[in-house]
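To find a chain, count down the sequence lines: A is the first, B the second, and so on, and within it residues start at 1.
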Amino acid sequence: MSTTTAAAPAAQAPVPAGTQKITFAKAINLGLRRALADDDKTLLMGEDIGKLGGVFRVTDGLQAEFGAKRVVDTPLAESGIVGTAIGLALRGYRPVCEIQFDGFVFPAFDQITTQLSKMHYRSRGRLTLPVVIRVPYGGGIGAIEHHSESPEALFAHTAGLRVVTPSSPAQAYAMIQEAVASPDPVMFFEPKGRYWEKGDVDLDAPAGNGLDGARIVRAGTDVTLVAYGPTVQTALKSAETAAAEGTSIEVIDLRALSPLDTATVAASVQRTGRCVVVHEAPVLYGTGAEVAARITEECFYHLQAPVLRVGGFHVPYPVAKIEHDYLPSVDRVLDAVDRSLAF
Amino acid sequence: MSTNATADATGVDTPDGIQNAQAPTQPAGPLSTEGLVQLLTPGGERVHDERYDGLVAHLDADALRAMYRDMVLVRRFDNEATSLQRQGELALFAQSLGQEAAQIGSAYALSPLDHVFPSYREHGVAHVRGLELTDLLRLFRGVDHGGWDPADHGFHLYTLVIGSHTLHATGYAMGIQRDGAVGTGDPTRDAAVVTYFGDGATAQGDVSEALTFAAVNEAPIVFFCQNNQWAISESTTHQARVPIANRAPGVGIPAVRVDGNDVLATYAVTQEALQRAHSGGGPSFIEAFTYRMGAHTTSDDPSRYRSSEQEEYWRQRDPIDRLRLHLESIGELPADFVEKLDAEGEALGEHVRTTVRGMGRPSPASMFEHVYATPHSVVESERAWFQGYESSFLEHGHHGEGSHR
């Protein structure tokens, strides 16, 4: 980059403060901005993230503010993005890579699973790779193929990676900063279908809640509904509808898939006796299967019904015109809740 | 030819048994020996080269003897490790046999601030960088996935996924740029990266992406390809239709082909490429044309896919013999030096045997260490379960690591 004629960083705009109602995308943008401002070793790398601000505008304005050496438009090569990010991390930088869409993470799959995830282990802790890989994921946006997938379980299955996914603007703002600060590589899955939903975010809040740990987002007594990322809103709507019918659903947002916080789920299921897991990814070998196995093991004598899963089918992500028949809807979630209660 | 090297006096003829038949109108194939930079003939005769003579002028007899010593010791290490594998002391070993000139020559050109990203048979480079050679065997013994601290000698861990590390090397070079440690003209500040890979690796997408990222960033990196003519059983002709070095100019990286069995020539071309990198001139590509004299690894059987005539042809072009003949011809290989080196070799062999046999078995619970830099609840709970399971044997009066049955 020594000869890159990057525009001089613009004078910094006033930093937003206080609690504001902002979109999910803006929350990540402001979290990244704070990470860039806090540590000049932090870099953003990806395709079209500079002048364009990313295809979802998540990095909007950041190259103008921090310069082209820190907000880097890379060649169109995902393995190259992650592979060079590993090298930069070895040199002491903290790269945050943007993969443009879920379906395009696979050219980088080798670098992520054979290199990024294992370097700390192979070096017996001598090397750390503080690399964040942001992946917009999930469907419901009417896109063409490879733009709506949910590959998170593939990464959660790989030791050495932390896999997290926020479900609200406030979570996104805090968690992206936590991810950048983490000494471990982090797969940061962003529910792209929620990018334009707004929520209150305290922009002065210190990021200190960590990346791990599920949280109860709605208390209930009859059924535990486990969700993460894009399906947390679906779960909350389901709980609201069920409440009108007299069923009390407790909703848990997993937040992290690696490590998976089974304790919070198990404590809830021990109260409710019933558990339904909902995600967009196919249920076969998915997060729901893992939750079901662990809950069965830990809560066997509390369970009033088998743990049920609501999610994608064992088919490639379908065409947009029928994607809403594939995605878990409030109706399908409530159908599973009814089956659980009827068992 | 993409090479910018002088093309005279290669002194290397086309070996029998190597596919190199090219109609005169066809471009040169990947095993062409045309235009290789060469400063020593296989007979040890010094060939003059206007472009490169200046880069080796400071190498006096002491320096050449030091190179010779390192080549001999690394070969001794190589043979010792191979024997240890045959005795069951190593799970596997990948020899550098025959590639000593490519490795020692290029490694001598490095400055202490430079960083090396090797593949997995760069034992000669490791040795010159100052690594304890036996540390390389921890991986092959199965007691470590790494074995050394890359920070100690600027020599990163071996990488088994072919070509992956060329991207790490490129990213590291991009970091050097951002640190302002390039083009300052201060030899105590300017740094660069050399990444080693083979002819087979050039077919990998990652190497192609590394060349692209290095080129567009003008990163301070040298791509050092040891074309040893074999990717396990596949000849270089399975990886390319033209010389491997031709790939680099297509992305704007200057390339040179060098006789990889000529330690002076590999030193000279690496020195030139590093000067370019240190001064901010960007990446370079070196193809060192050499020969894998041994098997791919101790699990391989080259007799199934290549002729003994070909192996004999290259035995006649042994890189160590070449430097020995040169030193002898200029009267700079005294008998006492050779005797002392023999004794050193014996001592190294003994050291390697003793050290390898003394490498302890890691504790089973060590598998849970360093999976993450910060605690991970799943790993912690599995570790706790495993430790309880292990200790249950002790409670029943048995020793650990056994079985209940």
Side-chain angles (χ1 to χ4, degrees), chain A residues 1-4 40-41 43 45 69-70 72 74-93 95 107 110-111 114-115 117-130 159-162 182-185 210-213 256 258-263, chain B residues 115 117 139 144-152 156-161 163-180 182-183 193 205-206 208-210 212-220 280 282 366-367 369-381:
Chain A
M1 301 297 293
S2 56
T3 59
T4 304
D40 61 11
K41 293 288 190 185
L43 309 172
M45 305 168 66
K69 282 186 187 174
R70 298 193 57 207
V72 187
T74 65
L76 207 168
E78 289 80 7
S79 188
I81 294 168
V82 175
T84 54
I86 290 170
L88 281 157
L90 290 171
R91 183 73 186 181
Y93 288 84
D110 168 55
Q111 284 287 344
T114 74
Q115 306 297 313
S117 67
K118 294 181 167 70
M119 203 77 88
H120 186 68
Y121 192 67
R122 295 178 57 224
S123 70
R124 291 194 173 197
R126 293 177 182 115
L127 305 174
T128 54
L129 292 181
L161 301 174
R162 290 180 181 274
S182 171
D184 289 313
L211 284 172
D212 304 349
S258 179
L260 183 65
D261 174 9
T262 320
Chain B
H115 284 258
F117 284 77
L139 175 81
D144 211 320
H145 285 320
W148 58 92
D149 188 343
D152 288 347
H156 288 260
L157 298 181
Y158 278 172
T159 301
L160 305 185
V161 181
S164 294
H165 62 292
T166 59
L167 280 167
H168 311 159
T170 303
Y172 198 92
M174 290 160 62
I176 289 174
Q177 277 179 311
R178 281 169 173 73
D179 292 345
V182 66
V193 173
D206 276 2
S208 181
E209 293 187 23
T212 299
F213 275 71
V216 300
N217 287 289
E218 297 179 80
S366 71
M367 76 172 86
E369 290 168 10
H370 307 301
V371 184
Y372 293 88
T374 48
H376 186 281
S377 56
V378 174
V379 176
E380 293 316 314
S381 67

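Of all the listed residues (D179(B), T212(B), V379(B)), the one sharing the greatest number of non-hydrogen pairs under 4.5 Å with chain A is D179(B). The most heavy-atom pairs under 4.5 Å with chain A, out of T170(B), L160(B), D144(B), L139(B), come from D144(B). With chain A as partner, the option from V161(B), D149(B), V378(B) having the largest number of non-hydrogen pairs under 4.5 angstrom is D149(B). Between chain A and the residues E369(B), E380(B), E209(B), the most heavy-atom pairs under 4.5 angstrom are made by E209(B). Each of H145(B), H168(B), H115(B) has some count of heavy-atom pairs under 4.5 Å with chain A, and the biggest count is that of H168(B). Taking chain B as the reference chain and counting heavy-atom pairs below 4.5 Å, the highest number among L161(A), T128(A), L127(A) is found for L161(A). Taking L129(A), L90(A), T74(A), L43(A) one by one and counting their heavy-atom pairs under 4.5 Å with chain B, the maximum is reached by L90(A).
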Tell me which donor-acceptor pairs under 3.5 Å the side chains of residues 75-85 of chain A have, and how far apart each pair is, sequence neighbours excluded?
unit_1	atom_1	unit_2	atom_2	d
S79(A)	OG	D206(B)	OD1	2.5
T84(A)	OG1	G80(A)	O	2.6
T84(A)	OG1	I81(A)	O	3.2

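Between P375(B) and D212(A) the shortest heavy-atom distance is O-OD2, 4.1 Å. The minimum heavy-atom distance linking L260(A) with S377(B) is given by the pair O-OG, 4.1 Å.
Residue K118(A) does not touch chain B at all, counting heavy-atom pairs closer than 4.5 Å. For D261(A), no part lies under 4.5 angstrom from a heavy atom of chain B. For R70(A), no part lies near chain B; criterion is any non-hydrogen pair under 4.5 Å. When heavy atoms are compared at a cutoff of 4.5 Å, R124(A) approaches chain B by way of both its backbone and its side chain. Contacts of T114(A) with chain B are made by side-chain atoms alone, with heavy-atom separations under 4.5 Å and no backbone atom involved. Interface residue P150(B): only side-chain heavy atoms are found under 4.5 Å from chain A.
The backbone N or O of I86(A) sits nowhere less than 3.5 Å from a side-chain atom of Q111(A) that would complete a donor-acceptor pair. Checked by atom type and distance alone, the side chain of R178(B) pairs as donor or acceptor with a backbone atom of M174(B) at under 3.5 Å.
Under the 30°/60° scheme for interplanar angles, the aromatic rings of Y158(B) and W148(B) are found to stand perpendicular. Taking the six-membered ring where tryptophan is involved, the planes of H120(A) and H370(B) are perpendicular, since the angle between them exceeds 60° and thus also 30°.
Using a 4.5 Å cut-off on side-chain heavy atoms (C-beta onward), R162(A) and T374(B) make contact.
None of S258(A), P183(A), S182(A), P259(A) except one satisfies the side chain to side chain contact (heavy atoms under 4.5 Å, CB included) rule with Y372(B); the exception is S258(A).
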